[in-house]
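So the structure is just underneath, and the comments pick up after that.
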Amino acid sequence: MAQTTPNHTQTVSGWAAHDSSGTITPHVFKRRENGKSDVTIEILYCGICHTDIHHVKNDWGITMYPVVPGHEITGLITKVGSDVSKFKIGDRVGVGCLAASCLKCDFCKQEEENYCDEIQLTYNGIFWDGSITYGGYSKMLVADHRFVVKVPDSLPMDAAAPLLCAGITVYSPFKDHNLLESPGKRIGIVGLGGLGHVAIKFGKAFGHHVTVISTSPSKEKEAKERLGADDFIISTDPEQMKSKFRTLDFILDTVSAHHSLGPTLELLKKKGTLMLVGAPDKPLDLPAFPMIFGKRSVEGSMTGSMKETQEMLDVCAKHNIRCDIEVVKTDQINEALDRLARNDVKYRFVIDIAGKP
Ligand code: NAP
Ligand code: ZN
């Protein structure tokens with residue numbers, strides 16, 4: 001496992017964490033030359049996902065330092081490999097969580113490469129050439145064109161960036177559960193953060209009744225008035241939770257920290273689904289009785305495929321869905337990570353990487 005390979009000749013400025021203190025500092029590193037199937041991207045913006053915190057702090061015990069986080073990337077193509085016909089110089093593009101997959105297995109062939117056994121991620125992964133991948137907290141990225149999507153012209157590059165992870169991660173379960181074209185369902189969203197706020201927007205765009213299940217009373221007014229949620233309940237208030245017993249068809253849990261699934265399961269109707277996308281470091285409490293009595297199920301979902309990601313961006317353009325963001329400069333990354341860890345952002349930080357006027 002090499003950090004660089006002989007063709008890693010391009011010097012790039014970025015920002016990295018070097019240990020589990022999670023502190024980000026400027027970091028110069030190398031990227032590979034633009035290969036035949038690669039495109040080079042000048043990065044304009046990169047969202048700050050809670051997964052970045054899990055990585056810089058080594059919450060999951062898998063971090064290879066130095067880690068250059070960032071998998072909500074938008075930018076402009078500056079170079080195109082000879083085998084690439086889909087993109088041209090100047091195209092507005094996005095890169096999400098995926099950097100490579102085997103391209104041969106059934107999942108890859110059926111455009112579900114996000115479930116390939118050999119999936120490699122945009123940062124803290126091992127690319128085909130054996131090098132460690134570095135993410136979007138950097139000025140420039142070389143990406144295989146199969147893992148790049150087009151950003152529709154109507155979407156602003158800053159407010160579109162978080163769609164590359166937060167957006168697709170909540171879109172894919174909606175699609176899997178036929179919630180795109182069957183309006184009128186009652187949907188719950190647990191956790192109103194980066195993923196949660198996009199999920200409310202999709203839920204409303206697809207014609208559903210959306211209940212937010214939150215620990216933060218201060219988020220209620222905006223959730224209803226700005227994001228369009230129909231109901232808002234506080235998960236730590238047993239009376240409010242009881243008022244929604246057996247009312248929801250589908251719940252998306254985006255919580256980043258340890259919590260019990262029992263009270264949330266009770267909100268589902270018979271045979272309802274609790275979909276986990278949040279990824280706490282420790283196992284969650286999953287009591288059997290709420291599953292048994294309601295014949296309910298718990299599922300998980302991992303980002304989305306490249307095909308779904310393009311489709312999701314096009315759907316966002318059609319419905320004018322964009323993220324609610326706070327843009328920060330590159331010297332504010334640590335402050336933004338601290339505030340995100342304290343649940344103090346509405347609803348996604350986006351780093352202005354290029355710093356253009
Ligand atoms: P985020 O912006 O921090 O949002 C998480 C929300 O969870 C918070 O806003 C908060 O909402 C709630 N929350 C936080 N601590 C809590 C606690 N102790 N108990 C109950 N609720 C709590 O994070 P994010 O970027 O949306 O990411 C959320 C999770 O999804 C992370 O674990 C991330 O790694 C994971 N993720 C998974 C995938 C995937 O492919 N499955 C993709 C991207 C991210 P309230 O204030 O409303 O309670
Ligand atoms: Zn993410």
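For ligands, and for the atoms within them, numbers begin at 1 and follow the listed sequence.
When non-hydrogen atoms are compared, ligand 1 lies under 4.0 Å from the backbone of Leu195 as well as from its side chain. If you look at Asn343 next to ligand 1, the close heavy atoms, those under 4.0 Å, all belong to the side chain. When non-hydrogen atoms are compared, ligand 1 lies under 4.0 Å from the backbone of Ser214 as well as from its side chain. When heavy-atom distances to ligand 1 are checked against a 4.0 Å cut-off, His50 comes that close through both its backbone and its side chain. With a 4.0 Å heavy-atom cut-off, ligand 1 is reached by no atom of Phe349.
For a distance bound of 2.8 Å, the N, O or S atoms of His50 include none lying that close to the Zn ion (ligand 2). Within the coordination shell of the Zn ion (ligand 2), defined by N, O or S atoms under 2.8 Å, His71 is present.
Counting protein heavy atoms only, atom 28 (C) of ligand 1 is closest to Thr254 O, 2.9 Å. The protein heavy-atom contact nearest to atom 30 (O) of ligand 1 is Gly278 CA, 3.3 Å. The shortest contact between atom 12 (C) of ligand 1 and any protein heavy atom is with Gly191 CA, 4.0 Å. The single protein non-hydrogen atom nearest to atom 40 (O) of ligand 1 is Thr303 N, 2.8 Å, given as residue, atom name and distance. Here the heavy atom of the protein found nearest to atom 14 (C) of ligand 1 is Ser256 OG, 3.9 Å. For atom 11 (O) of ligand 1, the closest heavy atom belonging to the protein is Leu192 N, 3.1 Å. From the protein, the heavy atom lying nearest to atom 15 (N) of ligand 1 is Ala257 CB, 3.9 Å. The protein heavy atom nearest to atom 4 (O) of ligand 1 is Gly193 CA, 3.4 Å.
The Trp60 neighbourhood of ligand 1 comprises atoms 34 (O), with distances under 4.0 Å to a heavy atom of that residue. For ligand 1, the atoms sitting less than 4.0 Å from at least one non-hydrogen atom of Ser301 are 39 (C), 40 (O), 41 (N), numbered in the order shown with element in parentheses. Here is the list of ligand 1 atoms found below 4.0 Å of a heavy atom in Cys165: 42 (C), 43 (C). Interface atoms of ligand 1 facing Val277, defined by a heavy-atom separation under 4.0 Å, are 30 (O), 35 (C), 36 (N), 37 (C), 38 (C), 39 (C), 41 (N). With ligand atoms numbered from 1 in the order given, ligand 1 contributes 38 (C), 39 (C), 40 (O), 41 (N), 42 (C), 43 (C) to contacts under 4.0 Å with heavy atoms of Thr169. The atoms of ligand 1 that sit less than 4.0 Å from any heavy atom of Arg348 are 24 (P), 25 (O). Within ligand 1, the atoms closer than 4.0 Å to a non-hydrogen atom of Ser216 are 45 (P), 46 (O), numbered from 1 in the order shown. Close contacts between ligand 1 and Leu340 involve ligand atoms 2 (O), 3 (O) [criterion: under 4.0 Å to a heavy atom].
Asp144 has a carboxylate O that lies under 4.0 Å from a charged side-chain N of Arg146, or vice versa, which qualifies the two as a salt bridge. Between Glu113 and Lys104 no salt bridge is recorded (no basic side-chain N to carboxylate O distance below 4.0 Å). Ion pairing of Lys175 with Glu311 is present here, as a side-chain N (NZ or NE/NH1/NH2) and a carboxylate O approach within less than 4.0 Å. Taking the charged nitrogens against the carboxylate oxygens, Asp38 and Lys79 have no contact shorter than 4.0 Å, which rules out a salt bridge. Between Asp91 and Lys86, no side-chain nitrogen of the basic residue sits less than 4.0 Å from a carboxylate oxygen of the acidic one, so the salt-bridge criterion is not met. In summary, Glu326 and Arg339 engage in a salt bridge, as defined by a charged side-chain N under 4.0 Å from a carboxylate O. Between Asp249 and Lys185 there is no salt bridge, since none of the side-chain N atoms of the basic residue sits less than 4.0 Å from a carboxylate O of the acidic one. Salt-bridge formation is not detected for the pair Arg348/Asp324: no Lys NZ or Arg NE/NH1/NH2 atom is positioned less than 4.0 Å from an Asp or Glu carboxylate oxygen.
Ligand 1 has a nitrogen or oxygen under 3.5 angstrom from a nitrogen or oxygen of Lys219. For ligand 1, the polar-atom distance check finds no N/O of Val255 at less than 3.5 Å from any of the ligand's N/O atoms. Checked against a 3.5 angstrom limit, the closest N/O atoms of His258 and ligand 1 fall outside it. Polar contact with ligand 1: present for Gly194 (N/O pair, distance under 3.5 Å). Distances between N or O atoms of Thr51 and those of ligand 1 include at least one value under 3.5 Å. Considering backbone and side-chain N/O of Ala279, one or more are found under 3.5 Å from N/O of ligand 1.
Using a 3.5 Å distance cut-off with no hydrogens or angles, the side chains of His177 and Glu299 do pair a donor with an acceptor. Under the 3.5 Å distance criterion, with hydrogens and angles disregarded, a donor-acceptor pair is assigned to the side chains of Thr40 and Asn34.
Of the possible polar contacts, none joining the Ser172 side chain to the Thr169 backbone as a donor-acceptor pair under 3.5 Å is found. Counting only distance, with no hydrogens or angles, the side chain of Trp60 and the backbone of Ala279 share a donor-acceptor pair below 3.5 Å. At least one donor-acceptor pair closer than 3.5 Å links the side chain of Ser214 to the backbone N or O of Ser216.
Between Tyr134 and Tyr123, the ring centre distance reaches or exceeds 6.0 Å. Not less than 6.0 angstrom separates the ring centroid of Tyr65 from the ring centroid of His18.
The salt bridge (Lys or Arg N to Asp or Glu O under 4.0 Å) with Asp230 is formed by just one residue from the set Lys224, Lys204, Arg186; it is Lys204. For the side chain to side chain donor-acceptor pair (under 3.5 Å) with His259, the lone residue among Asp285, Thr264, Asp253 that qualifies is Asp253.
The heavy atom nearest to atom 20 (C) of ligand 1, out of those in Val345, Thr215, Asn114, is found in Thr215.
Proximity of Met302 to ligand 1 is established by a heavy-atom distance of less than 4.0 Å. Heavy atoms of Ala166 stay at 4.0 angstrom or farther from ligand 1.
The CD1 atom of Ile187 lies 11.5 Å from the CE atom of Met275; values are rounded to the nearest 0.5 Å.
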